[in-house]
Amino acid sequence: MKKLALIGCGGIGAYHLEHFLQFHDIELAGFCDLILERAENFVKQAGSGKAYTDFMTMYDEIAPDMVFICIPPTCHGRIEFETIRRGIPFFVEKPLALDMDLAKELVRQVEEKGLIAASGFQCRYDNINDAAAEFVEKNRILHVAASRVGGIPDAPWWNVKSTSGGQLVEQTIHQMDMLRYLLKTEPDTVYSVASRGYITQEENPGYFTDDLSTTLITFKNGITCTMMTGCYSLDGASWDSKMTFGSRSARMDYYLCTKTTMYGIDEQDKAAQVAGTIAGDGTQRKNDNEVGITVESQVDFGLVCDRTFVDAVLTGDPSKIRSPYADAYKSVAFTMACNESMKTGLPVKVVY
Ligand SMILES: NC(=O)c1ccc[n+]([C@@H]2O[C@H](COP(=O)([O-])OP(=O)(O)OC[C@H]3O[C@@H](n4cnc5c(N)ncnc54)[C@H](O)[C@@H]3O)[C@@H](O)[C@H]2O)c1
């Protein structure tokens with residue numbers, strides 16, 4: 001049986017472990033964390049493998065056939081270089097790295113070696129994307145209005161922008177990635193402004209990052225997008241990860257990893273519309289009939305994501321991986337360009 005190893009037995013590591021426990025054709029051979037008891041706890045849950053605090057020792061002892069790298073954003077580099085040098089296929093959590101020169105060099109080495117390498121953009125594996133992609137293909141999109149507002153995750157490195165990348169890079173990257181994936185075009189220019197100071201030191205000691213940001217994106221094919229996102233909300237004030245794709249005759253409300261609802265794609269729908277929207281003649285509509293066609297998320301997309309990577313390693317065929325390492329790098333570069341714009345106060349060209 002092929003051997004799987006995991007580095008970083010924290011929050012997202014546990015998410016992947018849940019999936020591995022459902023795979024019975026691979027050996028869960030090693031778990032590594034700087035904190036030994038975390039690795040030991042994973043061994044206990046897996047019912048197999050050995051715990052390590054040093055990934056090199058783990059590699060030497062068990063010679064894994066694949067590895068999941070689930071470490072914080074600033075801890076990347078040495079682990080990936082060694083993994084590539086040894087030719088071990090790897091799955092790495094977003095955002096890959098916060099240093100774009102480092103990420104670019106890692107992409108180069110992965111490609112040079114022809115190594116199977118994937119990233120944790122699991123939203124790409126949701127079944128709602130088939131309907132969403134068809135909608136985008138059939139309806140010429142003019143604009144996307146997107147948002148995501150929630151609270152602060154409980155990870156020690158998250159509170160500081162230099163160690164997390166900031167809320168947009170660390171969280172909203174999933175939506176930025178889905179924009180690229182669904183629109184099938186690349187961002188051209190971003191202009192981002194960020195605000196902070198609403199979340200105080202008294203409330204959240206050690207917090208040093210933006211509370212929210214607003215970004216204007218132009219894509220290479222002319223589509224424009226606005227993205228409003230933040231981590232300022234207390235319970236009850238958060239709102240959906242929603243992206244409204246607008247075309248001239250139809251629109252789609254896409255709720256990340258939840259559902260997608262398309263309006264105006266059949267005749268009945270065009271006549272009905274939803275309450276509160278503006279009609280084609282510019283008047284406010286009052287009809288509140290349930291309209292639109294909704295496709296709900298029905299798959300465990302995280303499980304599918306992990307299984308797709310494992311299958312790619314077992315068969316040697318990476319073609320079904322929806323987020324290869326080199327492509328994931330582009331989504332990271334996209335969000336890091338937003339950070340650069342927040343810092344300089346100027347529009348920034350997205351360069352890969
Ligand atoms: N795909 C997703 O939806 C998703 C969700 C949550 C987190 N993430 C990403 O996963 C990454 C980790 O996040 P998390 O919430 O699991 O963080 P975490 O702090 O809960 O866990 C990270 C673990 O890595 C360990 N670690 C750090 N450096 C190490 C090293 N050199 N060797 C071995 N272990 C090491 C830490 O001790 C810690 O236990 C982040 O980049 C985050 O953005 C992705």
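Note that ligands are numbered from 1 as they come in the structure, with each ligand's atoms numbered from 1 the same way.
- Of the N or O atoms in H76, none lie within a sub-3.5 Å distance of an N or O in ligand 1.
- Ring pair Y329/Y325: centre-to-centre distance not below 6.0 Å.
- Residues satisfying the salt bridge (Lys or Arg N to Asp or Glu O under 4.0 Å) test with K349, not counting sequence neighbours, are D188.
- The distance criterion of under 3.5 Å between nitrogen or oxygen atoms is not met by T53 with respect to ligand 1.
- Taking the ring axis of F121 as reference, the NZ or CZ atom of R322 does not stay both within 45° of it and closer than 6.0 Å to the ring centre.
- No heavy atom of R78 sits closer than 4.0 Å to any atom of ligand 1.
- Of all protein heavy atoms, the one lying nearest to atom 5 (C) of ligand 1 is I12 CD1, 3.2 Å.
- Looking at I79, L34, L96 and measuring to atom 34 (N) of ligand 1, the nearest heavy atom belongs to L34.
- For a threshold of 3.5 Å applied to N or O pairs, the pair formed by G120 and ligand 1 contains at least one separation below that value.
- With Y254 as the partner, the side chain to side chain contact (heavy atoms under 4.5 Å, CB included) test is satisfied by one option alone out of K242, M178, Q175: M178.
- Ring geometry for H16 versus F68: interplanar angle of 30 to 60°, hence tilted.
- The residue among E170, E93, H174 with a heavy atom at the shortest distance from atom 42 (C) of ligand 1 is E170.
- Given atom 11 (C) of ligand 1, the protein heavy atom at minimum distance is I71 O, 3.3 Å.
- Taking K161 as the reference, D210 meet the salt bridge (Lys or Arg N to Asp or Glu O under 4.0 Å) condition, with sequence neighbours excluded.
- Residue contacts with ligand 1: F121 is excluded, as none of its non-hydrogen atoms falls under 4.0 Å.
- Taking all heavy atoms of C70, G8, C9 into account, the minimum distance to atom 22 (C) of ligand 1 is reached by C70.
- For the pair R38 and F31, the NZ or CZ position fails the cation-pi test of under 6.0 Å to the six-membered ring centre and within 45 degrees of the ring normal.
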